[in-house]
Amino acid sequence: MIQEALALLATPKTPSELARALGLRPETAELLLRHLEAKGYARPLNCGTACGRCAFKELCGDPAKVHWVRAP
């Protein structure tokens, strides 16, 4: 499952998208992503500014909508 998750993270995915693709509950996908992050295999794509000015301002502050990718 980890290899499949990493393959899916070649393109940015939210925890919900990853959960659907792997047949998991969203909470389980979030835990998997946190585990992959701790091991250095994945990272969240955070805006970092929280300014509310960009086109992605709706994503700021909602961890369920943060997109994750495979770490280089």
Side-chain angles (χ1 to χ4, degrees):
M1 178 187 320
I2 290 176
Q3 291 299 326
E4 189 177 353
L6 289 172
L8 289 167
L9 291 173
T11 57
K13 301 272 185 290
T14 64
S16 297
E17 292 169 340
L18 186 63
R20 278 192 298 275
L22 295 174
L24 302 172
R25 293 186 354 223
E27 299 85 14
T28 305
E30 180 71 34
L31 288 173
L32 176 61
L33 288 167
R34 295 292 175 194
H35 176 74
L36 292 173
E37 178 185 29
K39 297 290 185 181
Y41 295 124
R43 63 183 179 86
L45 293 176
N46 293 324
C47 174
T49 62
C51 66
R53 295 182 193 154
C54 72
F56 299 105
K57 64 183 172 227
E58 298 298 319
L59 297 176
C60 291
D62 188 350
K65 293 184 179 180
V66 171
H67 285 74
W68 289 74
V69 294
R70 186 174 55 209

**Item:** Heavy-atom side-chain contact between Glu17 and Pro12 under 4.5 Å
**Value:** no
Co-membership, hydrophobic cluster, residues Leu31 and Leu33, 4.5 Å side-chain: no
Distance col, row Arg25:CZ vs Ser16:OG, nearest 0.5 angstrom, shows 12.5 Å
- From CA spacing to verdict: side chain to side chain contact (heavy atoms under 4.5 Å, CB included), Leu18, Leu24: CA-CA 8 Å; Leu18 186 63; Leu24 302 172; over 6 Å; no
On a heavy-atom basis, the closest approach of Glu4 and Ala21 is OE2-O, 4.2 Å
Under 4.5 Å between any side-chain heavy atoms of Arg34 and Trp68, yes or no? yes
Between Ala29 and Ala19 the two heavy atoms that sit nearest each other are CB-CB, 3.7 Å
Scanning both residues in full, the closest heavy-atom pair of Ala71 with Gly40 reads CB-O, 3.4 Å
Under 3.5 Å: donor-acceptor pair, side chain of Arg70, backbone of Leu6 = yes
Considering only heavy atoms from C-beta outward, does the side chain of Leu22 approach that of Thr28 to under 4.5 Å? no
